[in-house]
Structure formats: C-alpha cells, structure tokens
**Student:** 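Can you read through this structure? Questions will come right after.
The figures that follow rest on heavy atoms only: side chains count, while hydrogens, waters and symmetry mates do not. Computed from a predicted model, the values in this text were never measured in an experiment.
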Amino acid sequence: REDDYFTIKQNFGGTVYARPLHIPSDGYPILLETGWFQMLINSGEIDIMTDIHKLTKKEAIKSYERQIKQVEASISVQSARGASREVLNDLHTKFQALTRLMNEIQIDMNDSYYIGINGVVYANSLRSLNQICNAIEDELANKMIKITTTFGRVKKGYTTVTPLKKNQIPESMRNFD
C-alpha cells in the first residue's frame with residue numbers, strides 16, 4: 001500500500017501515520033442498516049467528513065434518468081450475453097427502484113441528496129495503521145459497504161476532511177433519497 005498514507009512529524013519527535021479513506025459512489029448497499037456509521041466513529045483515531053448537498057428536483061430527475069438508461073443498457077447487454085436469471089432479476093429490481101424514486105421526486109414525495117463520506121485514520125506506526133484500516137474495511141464489508149484509499153491523492157484526501165476545504169474526492173459522492 002505505498003502512496004496511500006502519509007506521515008506527520010510531531011514537535012516532540014514522534015511520528016503519526018495517516019491514511020485517507022472514502023466510500024466510493026458504488027460502495028453502498030441498496031439499504032443501509034441503522035447504526036452502521038457508529039462503528040466507523042468508534043474505530044479509534046479517525047477524522048470523518050460527511051458532505052451533504054440537496055439536489056434540485058431538475059438535477060435529481062436528470063440523474064435518475066441517466067441511471068435508468070444505464071440499467072436499461074445493462075439489461076440489454078446481459079440479455080444478449082445470456083446472463084443468468086439472478087443477474088437479470090437484480091437489474092430489473094434496480095430499474096424498478098430507480099423508476100419509483102424518480103416518480104416520487106417528480107410528485108414531491110421524496111428528495112435526493114449527494115452524500116460523500118471521507119475519513120483519515122491515524123496511528124503511531126505503519127503496522128498499527130494497516131491493522132486499523134483492515135479492521136474497518138472488514139467490518140464495513142460485513143455490512144456490504146466498500147471503503148477505499150485515496151491512492152496517489154493523499155493530500156486531497158487529507159484536505160477534504162479538514163474543515164477548511166471542500167470535498168476533493170468526487171467519486172466519494174453518491175445520490176441518496
């Protein structure tokens with residue numbers, strides 16, 4: 001995991017190791033269970049930034065229309081390839097859910113938001129940092145949530161979490177209703 005962490009030299013000669021992480025837009029399950037975020041907060045030395053932006057009705061509908069077209073194209077491609085019934089059922093379920101959400105937004109029954117979750121994990125050694133990050137990754141994977149590093153962009157990952165900057169990791173943004 002080179003180039004996915006950085007070090008901070010402290011005044012009294014110590015070194016702190018840090019690794020920026022984020023949940024990519026495709027890293028969420030269809031439904032999130034209550035309390036999943038608490039594990040992240042309780043995982044030790046970690047700074048977390050949650051970036052939330054409400055979409056206008058027009059933006060939300062446009063986003064859902066684009067996603068619906070992508071799913072329709074996937075259904076066509078998978079059907080032509082002779083994909084399994086399970087794969088096609090999953091795509092049809094996704095299509096129906098997106099269509100339902102778009103309809104709810106059109107009649108003002110629902111709203112849509114872009115949400116990005118980014119964090120920086122801190123530890124006193126690289127070994128400890130790797131252990132903490134692996135434990136976080138395993139725990140979130142059990143909840144069907146994928147987390148990834150900001151490989152090659154640690155400075156942007158770090159400044160995204162500071163209160164002075166905006167989200168500089170665009171692939172961490174995901175629309176939610």
Side-chain angles (χ1 to χ4, degrees), residues 1-56 59-60 63-64 66-67 70-71 74 87 90 93-94 97-98 101 110-177:
R1 285 190 176 187
E2 68 183 58
D3 292 338
D4 72 346
Y5 71 93
F6 62 96
T7 58
I8 301 170
K9 303 289 184 196
Q10 294 183 320
N11 289 340
F12 299 109
T15 300
V16 174
Y17 293 80
R19 178 173 289 132
L21 305 169
H22 72 278
I23 300 175
S25 60
D26 65 346
Y28 297 91
I30 292 173
L31 294 173
L32 288 169
E33 62 182 61
T34 305
W36 72 272
F37 199 67
Q38 193 64 38
M39 186 283 317
L40 202 57
I41 293 168
N42 294 335
S43 61
E45 288 293 322
I46 187 167
D47 288 335
I48 300 172
M49 188 275 299
T50 304
D51 190 11
I52 302 171
H53 300 281
K54 184 176 179 185
L55 294 169
T56 65
E59 291 170 328
S63 173
Y64 283 117
R66 185 177 60 251
Q67 291 176 54
Q70 289 172 343
V71 172
S74 293
V87 169
D90 287 347
T93 300
K94 189 173 185 178
L98 290 169
L101 288 170
N110 208 337
D111 288 315
S112 192
Y113 301 85
Y114 271 124
I115 299 176
I117 298 175
N118 300 274
V120 178
V121 178
Y122 304 94
N124 292 326
S125 70
L126 183 57
R127 182 175 184 218
S128 178
L129 181 67
N130 288 335
Q131 289 173 337
I132 293 168
C133 290
N134 287 336
I136 290 170
E137 190 175 348
D138 290 345
E139 185 66 30
L140 290 176
N142 289 335
K143 299 177 184 321
M144 304 302 291
I145 299 169
K146 181 171 87 175
I147 196 161
T148 187
T149 66
T150 57
F151 184 81
R153 300 171 296 162
V154 293
K155 185 176 180 181
K156 285 185 177 182
Y158 176 68
T159 56
T160 291
V161 176
T162 64
L164 306 172
K165 294 285 185 174
K166 65 177 188 163
N167 188 346
Q168 297 183 34
I169 309 296
E171 66 270 18
S172 72
M173 298 302 285
R174 160 83 193 274
N175 62 331
F176 279 92
D177 64 303

**Student:** Tell me, yes or no, whether the heavy-atom count around Q131 atom CD, taken from other residues, nucleotides or ligands under 6.0 Å, exceeds 12.
**Tutor:**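 Counting other residues, nucleotides and ligands, CD of Q131 exceeds 12 neighbours.
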**Student:** Where is the tightest heavy-atom contact between L129 and V121, given as atom of each residue plus distance?
**Tutor:** CD1-O, 3.4 Å
**Student:** For the NE2 atom of H53 and the CD atom of E59, what is their distance to the nearest 0.5 Å?
**Tutor:** 11.0 Å
**Student:** Rounded to the nearest 0.5 Å, what separation is found between the OG1 atom of T148 and the CG atom of D4?
**Tutor:**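 So the OG1 of T148 and the CG of D4 are separated by 8.5 Å.
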**Student:** Strictly by modelled atom types, are N130 and Y5 linked by a side-chain donor-acceptor pair under 3.5 Å?
**Tutor:**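 No, no side-chain donor-acceptor contact under 3.5 Å.
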**Student:** Scan I117, I136, D138 and name whichever one has a side chain to side chain contact (heavy atoms under 4.5 Å, CB included) with I147.
**Tutor:** I136
**Student:** Check whether any side-chain heavy atom of R19 lies under 4.5 Å from a side-chain heavy atom of L126, and answer yes or no.
**Tutor:**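 A side-chain contact exists here, since the closest heavy-atom pair is under 4.5 Å.
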**Student:** Calculate, to the nearest 0.5 Å, the distance between atoms CG and CD belonging to L98 and Q67 respectively.
**Tutor:**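 It is 5.5 Å, given to the nearest 0.5 Å.
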**Student:** Considering all heavy atoms of both residues, which atom of Y64 and which atom of L101 are nearest to each other, and what is their separation?
**Tutor:**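 Smallest interatomic distance, heavy atoms only, reads OH-CD1, 3.9 Å.
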**Student:** Could you pull out the closest heavy-atom pair between I52 and Y113, with the gap in Å?
**Tutor:**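 Heavy atoms of I52 and Y113 come nearest at CG2-CD2, 4.0 Å.
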**Student:** Distance from I46 atom CD1 to L21 atom CG, nearest 0.5 Å?
**Tutor:**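 One finds 6.0 Å between CD1 of I46 and CG of L21.
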**Student:** I need the I8 CD1 to T15 OG1 distance, nearest 0.5 Å.
**Tutor:** 10.0 Å
**Student:** How close do M144 and P29 get, counting heavy atoms only, and between which atoms?
**Tutor:**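 Looking at all heavy atoms of both residues, the closest pair is O-CD, 3.3 Å.
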**Student:** Output, in order, the C-alpha distance, side-chain angles, deciding distance and verdict of side chain to side chain donor-acceptor pair (under 3.5 Å) for D47 and Y122.
**Tutor:** CA-CA 8 Å; D47 288 335; Y122 304 94; 2.9 Å; yes
**Student:** Please report the interatomic distance CG(N124) to CD(E45), rounded to the nearest 0.5 Å.
**Tutor:** 8.5 Å
**Student:** Would you name the heavy atoms of K146 and I23 that are closest together and state the gap between them?
**Tutor:** O-CG2, 3.4 Å
